[in-house]
Protein chains: 2
Amino acid sequence: MARPGSAAETPEPADESYDLAEQVGFIMRQAAQRHVSIFNEIMGSDLTPTQWAVLARLYQDGGSSQNLLGRQTAMDAATIKGVVDRLLKRKLVQTKPDPEDGRRLIVELSPAGVDYTRELLPKAETVTKVTLAPLATNQRATLIALLKQLR
Amino acid sequence: MARPGSAAETPEPADESYDLAEQVGFIMRQAAQRHVSIFNEIMGSDLTPTQWAVLARLYQDGGSSQNLLGRQTAMDAATIKGVVDRLLKRKLVQTKPDPEDGRRLIVELSPAGVDYTRELLPKAETVTKVTLAPLATNQRATLIALLKQLR
DNA sequence: TGATCCTCGTTCGTATACGAACGATATCCC
DNA sequence: GGGATATCGTTCGTATACGAACGAGGATCA
């Protein structure tokens, strides 16, 4: 009924053109939430999307320094540290100092981490499939192409 | 070089088809991060995207119960509480019990909150504009339409 | 060599995000 | 009326996310 809430005595909305529900950021946040929900259903609640990103990246390309790993998985230095620490605690990952650079900490999959990651790969593919299920095949490529441009 | 890290003695990648960098979830997370970064640059670091979502929603449609507000802004009950608490502390929002339902807490903009929100509306529009800047006009509508289908 | 600047990893503080459990209140329906 | 069920708000615990600051190590160049 009342426009800006009963506490305000202001007429004219000033800016009728702004609708939260139509802003990319808001819609993208909702789409991301839905994706995470699908991820949790399929992958199980014992692994998060970020943790999976680290495992998948290490599986694909082998070990790397912690900071580089963070860049490759879209996490800053503070965030990647927490993720690596939790994977360390579960022994899915192991670390060692870089002999060529005293600042660096090399992170790599443990043997158990390799097995675990390989077992989850089919499920991870399913996550993407289910997330994109509402779209037609050609729309999926379009969406991904457009999202890549926003990075 | 080495595939699954030097700690593993496993040949054959088992699943060459999975590339983290090509999964919707991962790309969407990066796009969302970029958007938040743009948001912070333009809106200033004293307001978060979620806090803005609450202000914008209340400005558009007036007060509502806390849980309903959460649903409208894509936050669960636990999350919306924290957001409302922080907005309360800044006196941008005020609450009162719902006379018709003893369980409900009505949340609405304070007069200062109305002014603050109105002042920020142009900047919020800029955020969307800058976020979508890499896309052609017709691509923007396409992206939004596709994202909506994933919710 | 030594001063300067950069990178790396760590820590702290704050803010989402959400599952789970809880008590209080409403509603439904026999 | 009263019991089963559902909703609302709250709290706790855990996991991203990231800015800011810090010390240790590396690279550059005079």
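Quantities reported herein were computed from a predicted structural model and do not represent experimental measurements. Values below: every heavy atom of this structure, side chains too, minus hydrogens, waters and symmetry copies.
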Please enumerate all protein N or O atoms sitting under 3.5 Å from an N or O of nucleotides 1-7 of chain D, with distances to 0.1 Å.
| residue | atom | partner | partner atom | Å |
| --- | --- | --- | --- | --- |
| D/dT7 | O2 | B/Arg103 | NH1 | 3.0 |

B/S/- along nucleotides 11-23 of chain D (protein heavy atoms under 4.0 Å) is B---SBBBB----

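- A side-chain N or O of B/Asp76 and one of B/Thr79 form a donor-acceptor pair less than 3.5 Å apart.
- Rounded to 10°, the angle separating the first-five-pair axis and the last-five-pair axis of the helix from C/dT1-D/dA30 to C/dC30-D/dG1 equals 20°.
- With a 4.5 Å cut-off between side-chain heavy atoms of Ile, Leu, Val, Met, Phe, Trp and Tyr, the cluster of A/Leu105 takes in none.
- A salt bridge (charged side-chain N to carboxylate O under 4.0 Å, His left out) check over residues 26-51 of chain A, counting only residues at least two apart or in different chains, returns nothing.
- A straight line from CD of A/Glu100 to C1' of C/dT7 spans 16 Å, rounded to a whole angstrom.
- To the nearest 0.5 Å, atoms CE (B/Met43) and OG1 (B/Thr48) are separated by 9.5 Å.
- Between A/Gly102 and B/Gln66, the one whose closest nucleotide on DNA chain D sits nearer the 5' end is B/Gln66.
- Rounded to whole Å, atom P of C/dT27 lies 6 Å from atom CG of B/Asp101.
- Looking only at side-chain heavy atoms (C-beta outward), B/Leu150 and A/Leu143 come within less than 4.5 Å of each other.
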With a 3.5 Å cut-off and sequence neighbours excluded, list the donor-acceptor pairs that the side chains of residues 129-137 of chain B form with protein atoms.
| residue | atom | partner | partner atom | Å |
| --- | --- | --- | --- | --- |
| B/Thr131 | OG1 | B/His35 | ND1 | 3.0 |
| B/Thr131 | OG1 | B/Val127 | O | 2.8 |

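- In this structure, A/Ser45 reaches neither bases nor backbone, as no heavy-atom distance under 4.0 Å exists between it and the strands shown.
- Residue B/Thr142 comes nearest to A/Thr142 through the heavy atom pair CG2-CG2, 4.0 Å, listed as atom of the first residue, atom of the second, then distance.
- When all heavy atoms are compared, the tightest approach of B/Val107 to B/Val93 is CG1-CG1, 3.7 Å.
- Atom CZ in B/Arg140 sits 11.5 Å away from atom CG in A/Leu146 (nearest 0.5 Å).
- Closest non-hydrogen pair, A/Ile42 versus A/Lys123, comes out as O-CD, 3.5 Å.
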